[in-house]
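The structure appears right after this line, and notes come after that.
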Amino acid sequence: MAPTLGKRKRITRDELEQPSRPPSPSSASSESESDSEDVQDIFRRAFEAKFKPLEVDSKKPRVEEVNLELEDQEEEDSDWSGITSDEEEQVQVVEYSHLRHTGDRASKAEQRAFMSSKPPTLSGSTLFKTRPSTKAPADENDLTEASHLKNDVALQRLLRDSHLLSSTSTSGTSTPTLSAVGSQRHKSTDLHLLSLGAKSSIHAQKNMPMSHRIGISAKAKEREERRRAEAKENGVILEKERRAKKFTKERERGVGGPGVGKFRGGTLSLSKKDVRDITSSGGGRGGKGKGKRGRR
Amino acid sequence: MTDETTQTLLKFTGHRHLPSRLLLSTLTGRPIRISQIRPNNVSRQGLQPHEVSFIRLLDSITNGSKIEFGMSGSTLVYRPGLITGSAEGLGASGGVLRHELGRGCEGRGVSWWIIPLCILSSFSKGHMNVIFHGEGCVTGAHPVSGDLSVDSVRTAILPLYKQFGIERDIELRVLKRSCAPSGGKSAGGEVQIVFNHQVRLPKTLHLLNPGRVKRIRGVAYAIGVGGSNNARSIESARGVLNKFVPDTYIFSDVSGAPFIQTPNDKNNPSGKKKGAVGFGLSLVAESSTGCLYSADVASPPEGGTTPEDVGRQCAYQLLEVIQQGGCVSRSAAETVFCLMAMGSEDVGRIAMGRDVIASENTIQLGRDLREFGGAGWGFRDKGEGSEEVVVSVVGRGVGNVGRKAV
């Protein structure tokens, strides 16, 4: 029983201290006390009928009385009755010594695994096996290592975005910060994506009127040309001009088109190569389609 | 084929170790002649029905085998063919070979056929899928001959193949359970073995640390008798084993007695007859390094044994097998040694208990292997204060002839 604070009736203490004793005629007992002891007695008898008789504890009533007297004095002094201690309470220890089987039934999953027609796997029940934790408890070395890595990543990002940040600082509207915010953040994300291999920028507009697109590309071209011209005048060497690659892939032929040559203006024209392919296919070349190069 | 017939016959005598000799002959391709098979036994001279049945099985899973019996059945000449598995046209239909174990085969458990068949299957050209059925098919442990139950084969023998790199598509289905019959009755079990993982060469095995037993599993089976028999045998087995290994679970399987078709019986117009009844227990202990120990006890055909006795006896038997030590128990020694001997030309090592090595079957297997052209086994004490012996087995490096081209 937990220690209780505050004022209580004496009876309770009495009950606690002699839980299994028959009411002794010597002790002065009040009405309610005897009542509760009767109840105790009933419980005790019921218990004893079911299990073996309880041992009568060996405490002497004399000590009890002294205790009571002491308590009486205390109660007269003040309302505070103190913290009860349960040291004197006899705890009955029941030892259940019968051999118990730990979990008489295996789980359904395990039963299915074992009783199936397949041979059970060695060191079988992976279901219950806890995965061995690969991470050792992080020691200081690891922590510093992790923080280094984090800083490294942050620095790289900063270097990549530095020109974006510098543009804000020159605009003067906002104080220069090291972290991108707002539209800067979007631009930075875009750059990151491009560096990771995105096909096109997320800011590139997909659909627009043709006139707009032509205008934009023309403007870009003009700007580029101007830049190159200026650089040339000033003797600055720029990077090599990258021309858009011409589409050199084989044209998709329609169904029913000629298998060889070009059909143009109502005539099938064969190139020299085509002719050579046709004439040489019978003899000199060996296997069928093996060493054959060309379109088909 | 001509050079095979001119190959000299290896000569053996006696009926003992017949399956292992036939097995080695088939694996190595050496023809053998076994003479003096029970020559002086008046009532049971020559080959017995179960032995004939085994030869029939070999005949149906191989292509080109030649078998010759002497007049009295006391002489046998066997020229092995190629192990083709349950290929179509050689007795198999629909990829499944149905092998009947007729009357007279009930003196052995079906594991007597299955264990050598599994060893052969791993060196087969094609897949192996065999159903054993018939009046002589005993799936439970055999109390007379001491053969394992199919549950032990599945849980203690088949997992060993994994250590040789043979692990996929292996199944042992018990379609109908049965137990050893007494006189006049028949067993009538049905077992299907599927062995679809064929290898060119089994891996070299190095198994030196038996570890410590960490868990025990088991199957209790009751055939045609009440399921309470299972509960009782499980209870008593656990009573013995739980003290040593708390992780002990034994599963129960209750099935009715199998019906056996008897079409031409005047007294029994329904044409069906009940098979033998009984119960048994199969226990498997697994060590921390994956070594397996098994024990098997079944009620005797004449009855009169309590399930408690069966459970307790089985538990004690398991403890005895564990006590013998080593990485392989006696019942699995043949499988392990055969696979090691057929492995790549490399030295495999395995730690074994002295009692396991000293058993008659193991020693004879070693001698036979040498007869068939294998290198002898090397023995040395394991040391480190253990009683075990380390056996070194050199593989032949020939492996699966049927899968040479693969």
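Just so we're on the same page: letters track the sequence lines, and every chain starts at 1. What you see below is based on every heavy atom in this structure, not just the backbone, and it leaves out hydrogens, waters and symmetry mates. Small disclaimer: the values here were computed from a predicted structure and weren't measured.
- Note: B:Leu172 leads B:Leu158, B:Thr289, B:Leu172, B:Asp169 in heavy-atom pairs under 4.5 Å with chain A.
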Review point. Can A:Glu110 and B:Arg217 be said to form a side chain to side chain contact (heavy atoms under 4.5 Å, CB included), step by step?
Key: CA-CA 11 Å; A:Glu110 196 175 357; B:Arg217 293 285 178 273; 2.5 Å; yes
Exercise for review: Using the side chain to side chain contact (heavy atoms under 4.5 Å, CB included) rule, take A:Met115 and B:Asp253 through it: C-alpha gap first, then chi angles, then the decisive distance, then the call.
Suggested key: CA-CA 9 Å; A:Met115 295 295 279; B:Asp253 190 322; 4.0 Å; yes
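- Of the inter-residue distances, the one linking B:Ile170 atom CD1 with A:Ser117 atom OG reads 11.5 Å to the nearest 0.5 angstrom.
- Closest non-hydrogen pair, A:Pro120 versus B:Pro159, comes out as O-CG, 3.7 Å.
- Other residues, nucleotides and ligands contribute more than 12 heavy atoms inside 6.0 Å of the CZ atom of A:Phe47.
- A donor-acceptor pair under 3.5 Å is formed between the side chain of B:Arg154 and the backbone N or O of A:Phe114.
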